[in-house]
Amino acid sequence: MQFSKWHGIGNDFIIVNGLQETAATIAKLQQQAAFFCDRHLGIGADGLIIVLPSEKADIRMKIINSDGSEAEMCGNGSRCFTRYVFENGLLLKRQMEIETLAGIIRTELVDGNDGNVIVRVDLGEPKLKRAQIPMQGDPNDTAVHVPIQIGEQTFYATAVSTGVPHCVIFVEDLKGIDLGVLGPKVECHNLFPRKTNVEFVKVVGKNEAIMKVWERGAGITMACGTGASATLVAAALNGLTERRAVIHLDGGDLSIEWDQNNRVILSGTATQVFQGKCEIR
Ligand SMILES: N[C@H](CCC[C@H](N)C(=O)O)C(=O)O
């Protein structure tokens, strides 16, 4: 199997062209995703992306997390997917519509002013699912955050879906957050029937925030595109930022805008690291 290794500001993916593969081969690839993503026994990645044909859009992106679970969407992955598809001549369009399990997203290759290629992703409208438990405290509280109890600690969480579920928690001190302990507890909290990605965020300005992420099905990653997008929407909803901000992640920065048409636009880089070949067992 030929593959390409890409990353979107440190959130890394194995990309495979499945356009000419049989359904049986695609199924085998999906079953072995956790092996391919293993950083000791396999190639190593946060996820496996398979390029597939689409009857609804220009092309289809299948994204499998490193634990083998299939995600509906992937923001950083869609940037890598877009460059991979264009640069390998699979689709000679700088603007493309990509079918995902979360619906059709639109991406565009844009020449950045520093010579870098920037990929712009229109994630569509955010889904603001109120948590199942009623709002507590001031009934007129317009914020959409709800308390979430983790052990002795109470956090205030804002649930936003940007194609995949996110639980955004704003804190004053990120250093006090043990992501390896709190992340999985929130990911699997009974508030989230499909589990959730988890973001702990410190807002540092009306157009700037710092985000740490525990990803559903992948654990701590260096960045999460849909997570940065959910963070911007949650911060704007809670009156903490404007509707456009730079989100600082361990792997780099992402620019996010929640535009006047209620669409969330994510812009950032995508980088190919190497190509390789490995056996599908
Ligand atoms: N890293 C991805 C999110 C993957 C989502 C996956 N962790 C899940 O929700 O199952 C991103 O850049 O948006």
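Quick caveat: nothing in here was measured; it's all calculated off a predicted structure. Just follow the structure's listing: the first ligand is 1, and inside any ligand the first atom is 1. Values below: every heavy atom of this structure, side chains too, minus hydrogens, waters and symmetry copies.
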- Message: Quick one: does any side-chain atom of N197 pair with a main-chain N or O of R216 as donor and acceptor, under 3.5 Å?
- Response: yes
- Item | Distance filter under 4.0 Å to A71 heavy atoms, resulting ligand 1 atoms | 6 (C), 8 (C), 10 (O)
- Between the side chain of T196 and the main-chain N/O of P165, is any donor-acceptor distance below 3.5 Å? yes
- Message: Tell me if a side-chain donor or acceptor on N65 pairs with a main-chain N or O of D67 at a distance below 3.5 Å.
- Response: no
- Item | Sub-4.0 Å atoms of ligand 1 with respect to non-hydrogen atoms of V164 | 9 (O)
- Which residue owns the protein heavy atom closest to atom 2 (C) of ligand 1, what's the atom, and how far is it? C74 SG, 3.2 Å
- A student checking ligand 1 against E215 at a 4.0 Å heavy-atom cut-off should list atoms 1 (N), 2 (C), 3 (C), 4 (C), 5 (C), 6 (C), 7 (N)
- Message: So, 4.0 Å and heavy atoms of G217: is ligand 1 close enough to count as a contact?
- Response: no
- Query: Taking a hydrophobic cluster as the set of Ile, Leu, Val, Met, Phe, Trp and Tyr residues connected by side-chain heavy atoms closer than 4.5 Å, whether directly or through intermediates, do L174 and V186 fall within one such cluster?
  - Reply: yes
- Message: One thing to verify: whether E172 and K202 come together as a salt bridge, which I'm taking to mean a side-chain N less than 4.0 angstrom from a carboxylate O.
- Response: yes
- Message: Surrounding CZ of R120 (heavy atoms of other residues, nucleotides or ligands, distance under 6.0 Å), is the total greater than 12?
- Response: no
- Message: Below a 4.0 angstrom heavy-atom separation, can you tell me which part of A218, side chain or backbone, both or neither, approaches ligand 1?
- Response: neither
- Message: Atom CG of residue position N113 - does it have more than 12 heavy atoms of other residues, nucleotides or ligands inside 6.0 Å?
- Response: no
- Query: Under 4.0 Å from ligand 1, counting heavy atoms only, is it the side chain of T226, its backbone, both or neither?
  - Reply: both
- Which is closest to atom 6 (C) of ligand 1 in terms of heavy atoms, N65, N76, V121? N65
- Message: Run the side-chain contact (heavy atoms from CB on, under 4.5 Å) test on D111 and R94 for me, step by step, so that the C-alpha distance in whole Å, both residues' side-chain angles and the decisive distance to 0.1 Å come before the verdict.
- Response: CA-CA 10 Å; D111 292 327; R94 293 180 68 86; 3.3 Å; yes
- Using distance alone, determine whether C224 and ligand 1 share an N or O pair under 3.5 Å. no
- Could you list the atoms of ligand 1 found under 4.0 angstrom from a heavy atom of R216? 6 (C), 7 (N), 8 (C), 9 (O), 10 (O)
- The protein heavy atom nearest to atom 12 (O) of ligand 1 is G225 N, 2.7 Å
- Polar-atom distance check: E72 versus ligand 1, any N or O pair below 3.5 Å? no
- Message: Taking the ring centre of each residue, are F36 and F3 less than 6.0 Å apart?
- Response: no
- of all protein heavy atoms, closest to atom 9 (O) of ligand 1 is N197 ND2, 2.7 Å
